[in-house]
> 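What follows is a single structure, and I will ask about it in a moment.
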Amino acid sequence: GNSVTQMEGPVTLSEEAFLTINCTYTATGYPSLFWYVQYPGEGLQLLLKATKADDKGSNKGFEATYRKETTSFHLEKGSVQVSDSAVYFCALVKTGTASKLTFGTGTRLQVTL
Amino acid sequence: DVKVTQSSRYLVKRTGEKVFLECVQDMDHENMFWYRQDPGLGLRLIYFSYDVKMKEKGDIPEGYSVSREKKERFSLILESASTNQTSMYLCASSGQTVINTEAFFGQGTRLTVV
(Lines give C-alpha, C1' and ligand atoms only; values in the text may rest on other atoms or scores of the structure.)
Protein backbone atom coordinates (compact mmCIF):
# COMPACT_ATOMS: atom_id res chain seq x y z
CA GLY A 1 0.00 0.00 0.00
CA ASN A 2 0.90 3.66 0.04
CA SER A 3 3.08 5.02 2.81
CA VAL A 4 5.08 8.09 3.81
CA THR A 5 8.25 8.03 5.90
CA GLN A 6 9.57 11.14 7.62
CA MET A 7 12.69 11.74 9.62
CA GLU A 8 12.33 11.38 13.37
CA GLY A 9 12.09 14.51 15.44
CA PRO A 10 12.38 16.67 17.28
CA VAL A 11 14.64 18.86 15.19
CA THR A 12 16.15 21.74 17.15
CA LEU A 13 17.75 24.63 15.27
CA SER A 14 18.98 28.09 16.04
CA GLU A 15 17.28 31.00 14.32
CA GLU A 16 18.59 31.64 10.78
CA ALA A 17 19.85 28.05 10.42
CA PHE A 18 19.15 25.96 7.32
CA LEU A 19 16.34 23.42 7.60
CA THR A 20 15.90 20.08 5.89
CA ILE A 21 13.17 17.61 6.84
CA ASN A 22 13.40 14.39 4.87
CA CYS A 23 10.36 12.67 3.40
CA THR A 24 10.23 9.57 1.23
CA TYR A 25 7.18 7.78 -0.06
CA THR A 26 5.98 4.47 -1.42
CA ALA A 27 3.10 4.55 -3.87
CA THR A 28 1.88 3.06 -7.10
CA GLY A 29 1.40 5.36 -10.04
CA TYR A 30 2.01 9.08 -9.73
CA PRO A 31 0.82 10.46 -6.41
CA SER A 32 0.56 14.13 -5.54
CA LEU A 33 2.68 15.21 -2.58
CA PHE A 34 2.02 17.73 0.19
CA TRP A 35 3.56 19.32 3.23
CA TYR A 36 1.18 20.35 6.01
CA VAL A 37 2.11 22.35 9.11
CA GLN A 38 0.50 22.25 12.56
CA TYR A 39 1.24 25.19 14.85
CA PRO A 40 0.71 24.67 18.59
CA GLY A 41 -2.96 24.40 19.48
CA GLU A 42 -4.14 24.60 15.89
CA GLY A 43 -5.32 22.31 13.11
CA LEU A 44 -3.26 21.41 10.06
CA GLN A 45 -2.66 23.91 7.25
CA LEU A 46 -1.42 23.18 3.77
CA LEU A 47 2.12 24.56 3.43
CA LEU A 48 2.92 23.53 -0.16
CA LYS A 49 2.22 20.88 -2.75
CA ALA A 50 3.53 19.30 -5.96
CA THR A 51 1.42 17.28 -8.34
CA LYS A 52 3.95 15.79 -10.77
CA ALA A 53 7.58 14.78 -11.00
CA ASP A 54 10.15 17.62 -10.88
CA ASP A 55 7.53 20.11 -9.68
CA LYS A 56 8.73 22.44 -6.93
CA GLY A 57 6.24 23.62 -4.34
CA SER A 58 7.04 26.76 -2.38
CA ASN A 59 5.43 28.96 0.26
CA LYS A 60 6.60 31.24 3.10
CA GLY A 61 10.26 30.56 2.24
CA PHE A 62 9.79 26.77 2.35
CA GLU A 63 10.45 24.63 -0.73
CA ALA A 64 10.15 20.98 -1.70
CA THR A 65 10.85 19.25 -5.02
CA TYR A 66 9.03 16.12 -6.18
CA ARG A 67 11.81 13.63 -7.02
CA LYS A 68 10.36 10.53 -8.60
CA GLU A 69 13.72 8.83 -9.10
CA THR A 70 14.40 8.90 -5.35
CA THR A 71 10.71 8.88 -4.28
CA SER A 72 11.40 11.88 -2.10
CA PHE A 73 9.86 15.25 -1.23
CA HIS A 74 12.24 16.86 1.24
CA LEU A 75 11.24 20.15 2.89
CA GLU A 76 13.84 22.93 3.00
CA LYS A 77 14.10 26.49 4.24
CA GLY A 78 17.18 28.65 4.01
CA SER A 79 16.76 30.59 7.25
CA VAL A 80 14.32 29.47 9.93
CA GLN A 81 12.60 31.76 12.41
CA VAL A 82 11.25 31.10 15.90
CA SER A 83 7.76 31.40 14.42
CA ASP A 84 8.44 28.32 12.26
CA SER A 85 8.35 26.12 15.36
CA ALA A 86 5.62 23.58 14.60
CA VAL A 87 4.98 19.99 13.56
CA TYR A 88 5.43 19.30 9.85
CA PHE A 89 3.64 16.46 8.07
CA CYS A 90 4.46 15.02 4.68
CA ALA A 91 1.49 13.48 2.85
CA LEU A 92 0.48 11.93 -0.43
CA VAL A 93 -2.72 11.43 -2.34
CA LYS A 94 -3.21 8.06 -3.95
CA THR A 95 -3.70 8.14 -7.66
CA GLY A 96 -7.28 7.42 -8.62
CA THR A 97 -8.69 8.11 -5.18
CA ALA A 98 -7.83 11.72 -4.95
CA SER A 99 -9.54 12.44 -1.69
CA LYS A 100 -7.64 10.23 0.71
CA LEU A 101 -4.47 11.72 2.15
CA THR A 102 -1.85 9.38 3.62
CA PHE A 103 0.32 11.12 6.22
CA GLY A 104 3.76 10.58 7.64
CA THR A 105 4.27 10.54 11.39
CA GLY A 106 5.19 14.23 11.58
CA THR A 107 8.42 16.00 12.52
CA ARG A 108 8.50 18.53 15.35
CA LEU A 109 10.69 21.57 14.68
CA GLN A 110 11.87 23.75 17.55
CA VAL A 111 13.68 26.97 16.65
CA THR A 112 15.53 28.83 19.40
CA LEU A 113 17.02 32.33 19.55
CA ASP B 1 -12.75 33.00 5.93
CA VAL B 2 -12.81 29.27 5.38
CA LYS B 3 -13.93 27.33 8.38
CA VAL B 4 -14.07 23.79 9.65
CA THR B 5 -15.47 23.83 13.16
CA GLN B 6 -15.36 20.98 15.63
CA SER B 7 -17.88 21.15 18.43
CA SER B 8 -15.49 20.60 21.33
CA ARG B 9 -11.79 21.24 21.94
CA TYR B 10 -11.62 18.93 24.96
CA LEU B 11 -13.84 16.05 26.07
CA VAL B 12 -13.63 13.63 28.96
CA LYS B 13 -15.85 10.54 28.78
CA ARG B 14 -16.23 7.34 30.73
CA THR B 15 -15.55 3.86 29.39
CA GLY B 16 -18.65 2.44 27.73
CA GLU B 17 -20.27 5.79 26.99
CA LYS B 18 -21.57 6.63 23.53
CA VAL B 19 -19.64 9.65 22.27
CA PHE B 20 -20.52 12.05 19.45
CA LEU B 21 -17.93 14.30 17.83
CA GLU B 22 -19.42 16.91 15.54
CA CYS B 23 -17.85 18.74 12.62
CA VAL B 24 -19.31 21.50 10.47
CA GLN B 25 -17.82 23.13 7.35
CA ASP B 26 -19.02 26.26 5.62
CA MET B 27 -17.31 25.80 2.25
CA ASP B 28 -19.91 23.62 0.51
CA HIS B 29 -17.28 20.88 0.22
CA GLU B 30 -18.28 17.43 -1.01
CA ASN B 31 -15.65 15.51 0.96
CA MET B 32 -15.32 15.28 4.70
CA PHE B 33 -12.87 13.21 6.78
CA TRP B 34 -12.20 12.07 10.32
CA TYR B 35 -8.60 11.37 11.37
CA ARG B 36 -7.07 10.51 14.69
CA GLN B 37 -3.65 11.82 15.64
CA ASP B 38 -1.39 9.93 18.03
CA PRO B 39 2.25 10.59 18.94
CA GLY B 40 4.61 8.63 16.73
CA LEU B 41 1.78 7.43 14.47
CA GLY B 42 0.89 10.61 12.62
CA LEU B 43 -2.64 10.98 11.28
CA ARG B 44 -4.68 7.91 10.49
CA LEU B 45 -7.92 8.01 8.52
CA ILE B 46 -10.96 6.63 10.35
CA TYR B 47 -13.78 7.34 7.88
CA PHE B 48 -14.55 9.69 5.07
CA SER B 49 -17.63 10.80 3.20
CA TYR B 50 -17.81 12.00 -0.41
CA ASP B 51 -21.50 12.94 -0.40
CA VAL B 52 -24.51 13.18 1.86
CA LYS B 53 -25.37 9.78 3.34
CA MET B 54 -22.29 8.25 1.65
CA LYS B 55 -19.37 6.97 3.68
CA GLU B 56 -16.29 4.86 3.24
CA LYS B 57 -14.03 3.17 5.78
CA GLY B 58 -10.55 4.47 6.22
CA ASP B 59 -7.58 2.64 7.68
CA ILE B 60 -8.81 2.25 11.27
CA PRO B 61 -12.65 2.17 11.33
CA GLU B 62 -13.04 -0.41 14.11
CA GLY B 63 -14.98 0.94 17.08
CA TYR B 64 -16.25 3.97 15.16
CA SER B 65 -19.19 4.90 12.97
CA VAL B 66 -20.12 8.11 11.14
CA SER B 67 -23.16 10.01 10.03
CA ARG B 68 -23.62 12.57 7.29
CA GLU B 69 -27.23 13.67 7.01
CA LYS B 70 -26.43 17.16 5.68
CA LYS B 71 -23.63 18.27 3.38
CA GLU B 72 -22.07 20.60 5.93
CA ARG B 73 -22.06 18.25 8.92
CA PHE B 74 -20.08 15.07 9.55
CA SER B 75 -20.34 13.26 12.87
CA LEU B 76 -18.02 10.66 14.35
CA ILE B 77 -19.59 8.22 16.80
CA LEU B 78 -17.84 6.05 19.33
CA GLU B 79 -20.49 3.44 20.10
CA SER B 80 -18.88 2.34 23.36
CA ALA B 81 -15.84 4.40 24.27
CA SER B 82 -12.71 2.59 25.40
CA THR B 83 -9.47 3.88 26.87
CA ASN B 84 -7.55 3.06 23.69
CA GLN B 85 -9.69 5.64 21.90
CA THR B 86 -8.10 8.42 23.94
CA SER B 87 -6.61 10.59 21.22
CA MET B 88 -6.75 13.82 19.24
CA TYR B 89 -9.48 13.72 16.58
CA LEU B 90 -9.24 15.94 13.51
CA CYS B 91 -11.98 16.69 11.02
CA ALA B 92 -11.21 17.93 7.51
CA SER B 93 -13.08 18.85 4.35
CA SER B 94 -12.13 19.32 0.73
CA GLY B 95 -13.59 19.93 -2.71
CA GLN B 96 -13.85 17.40 -5.49
CA THR B 97 -10.21 16.38 -5.35
CA VAL B 98 -7.48 17.17 -2.86
CA ILE B 99 -5.10 17.61 -5.74
CA ASN B 100 -6.92 20.69 -6.92
CA THR B 101 -8.52 21.78 -3.68
CA GLU B 102 -6.60 21.78 -0.46
CA ALA B 103 -7.98 19.98 2.59
CA PHE B 104 -9.02 22.29 5.45
CA PHE B 105 -8.75 21.03 8.99
CA GLY B 106 -10.59 21.84 12.18
CA GLN B 107 -8.83 22.68 15.44
CA GLY B 108 -9.14 19.16 16.75
CA THR B 109 -10.93 17.52 19.69
CA ARG B 110 -8.78 16.02 22.40
CA LEU B 111 -10.77 13.11 23.80
CA THR B 112 -9.86 11.40 27.04
CA VAL B 113 -11.66 8.18 27.97
CA VAL B 114 -11.36 7.26 31.63
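Please read all numbers here as calculations on a predicted model, not as lab measurements. Only heavy atoms go into these numbers, but all of them, side chains included; no hydrogens, no water, no symmetry mates. Throughout, protein chains are lettered first and strands after them, A, B, ... in sequence-line order, and every chain is numbered starting at 1.
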> Decide whether B/Leu90 and B/Ile46 are clustered together by the hydrophobic rule: side chain heavy atoms of Ile, Leu, Val, Met, Phe, Trp, Tyr closer than 4.5 Å, transitively.
no
> Counting only heavy atoms from other residues, nucleotides and ligands, does the tally under 6.0 Å from NZ of B/Lys57 exceed 12?
no
> Check each atom of A/Glu8 against the heavy atoms of chain B and say whether the ones under 4.5 Å are side chain, backbone, both or neither.
neither
> Rounded to the nearest 0.5 Å, what separation is found between the CE atom of B/Met88 and the CD atom of A/Gln38?
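B/Met88 CE to A/Gln38 CD: 6.5 Å, rounded to 0.5 Å.
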> Between atom CD of A/Gln45 and atom CZ of B/Phe104, what is the distance when rounded to the nearest 0.5 Å?
10.0 Å
> Could I get the full list of side-chain hydrogen bond (donor to acceptor under 3.5 Å, both in side chains) partners for A/Lys60, not counting sequence neighbours?
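A/Lys60 satisfies side-chain hydrogen bond (donor to acceptor under 3.5 Å, both in side chains) with no other residue.
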> Please output the residues of residues 104-111 of chain A in contact with chain B, using a heavy-atom cutoff of under 4.5 Å, in numerical order.
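Result: A/Gly104, A/Thr105.
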> Given the rule that I, L, V, M, F, W and Y join up when any side-chain heavy atoms are under 4.5 Å apart, are B/Met32 and B/Tyr64 in one cluster?
yes
> I'd like to know if the side chain of B/Arg9 and the backbone of A/Gly41 have a donor-acceptor N/O pair within less than 3.5 Å.
yes
> May I ask you to name which of A/Val4, A/Thr102, A/Val87, A/Leu46 has the most heavy-atom pairs under 4.5 Å with chain B?
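Answer, by heavy-atom pair count under 4.5 Å with chain B: A/Leu46.
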> Quick one: which residue pairs count as a salt bridge (Lys or Arg N to Asp or Glu O under 4.0 Å) with a foot in residues 74-83 of chain B, not counting sequence neighbours?
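Every salt bridge (Lys or Arg N to Asp or Glu O under 4.0 Å) pair that includes a residue of residues 74-83 of chain B, provided the two are not neighbours, is B/Lys18-B/Glu79.
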> Check each atom of B/Leu43 against the heavy atoms of chain A and say whether the ones under 4.5 Å are side chain, backbone, both or neither.
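Both backbone and side chain.
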> Quick one: do A/Leu101 and B/Tyr35 satisfy side-chain contact (heavy atoms from CB on, under 4.5 Å)? Show the steps, please.
CA-CA 10 Å; A/Leu101 282 163; B/Tyr35 290 88; 3.5 Å; yes
> Of the backbone (N, CA, C, O) and the side chain (C-beta and beyond), which part of B/Glu30 lies under 4.5 Å from a heavy atom of chain A, both, or neither?
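Looking at B/Glu30, nothing touches chain A.
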> Partners of B/Lys70 by salt bridge (Lys or Arg N to Asp or Glu O under 4.0 Å), sequence neighbours excluded?
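Partners of B/Lys70 under the salt bridge (Lys or Arg N to Asp or Glu O under 4.0 Å) test: none.
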> Which value, rounded to the nearest 0.5 Å, describes the distance between A/Phe103 atom CZ and B/Leu41 atom CG?
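Spacing of CZ (A/Phe103) from CG (B/Leu41) equals 14.0 Å.
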> Are B/Val66 and B/Leu11 connected into the same hydrophobic cluster when the rule is that any two of I, L, V, M, F, W, Y join if their side-chain heavy atoms are below 4.5 Å apart?
yes
> Membership question, hydrophobic clusters at under 4.5 Å side-chain separation (ILVMFWY): are A/Trp35 and A/Met7 in the same one?
yes
> Of the backbone (N, CA, C, O) and the side chain (C-beta and beyond), which part of B/Gln37 lies under 4.5 Å from a heavy atom of chain A, both, or neither?
side chain
> Consider only side-chain heavy atoms of I, L, V, M, F, W and Y, link residues closer than 4.5 Å, and tell whether A/Val93 and B/Tyr47 are in one cluster.
no
> Return yes when atom CZ of A/Phe18 has more than 12 non-hydrogen atoms of other residues, nucleotides or ligands closer than 6.0 Å, and no otherwise.
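Result for CZ/A/Phe18: enclosed.
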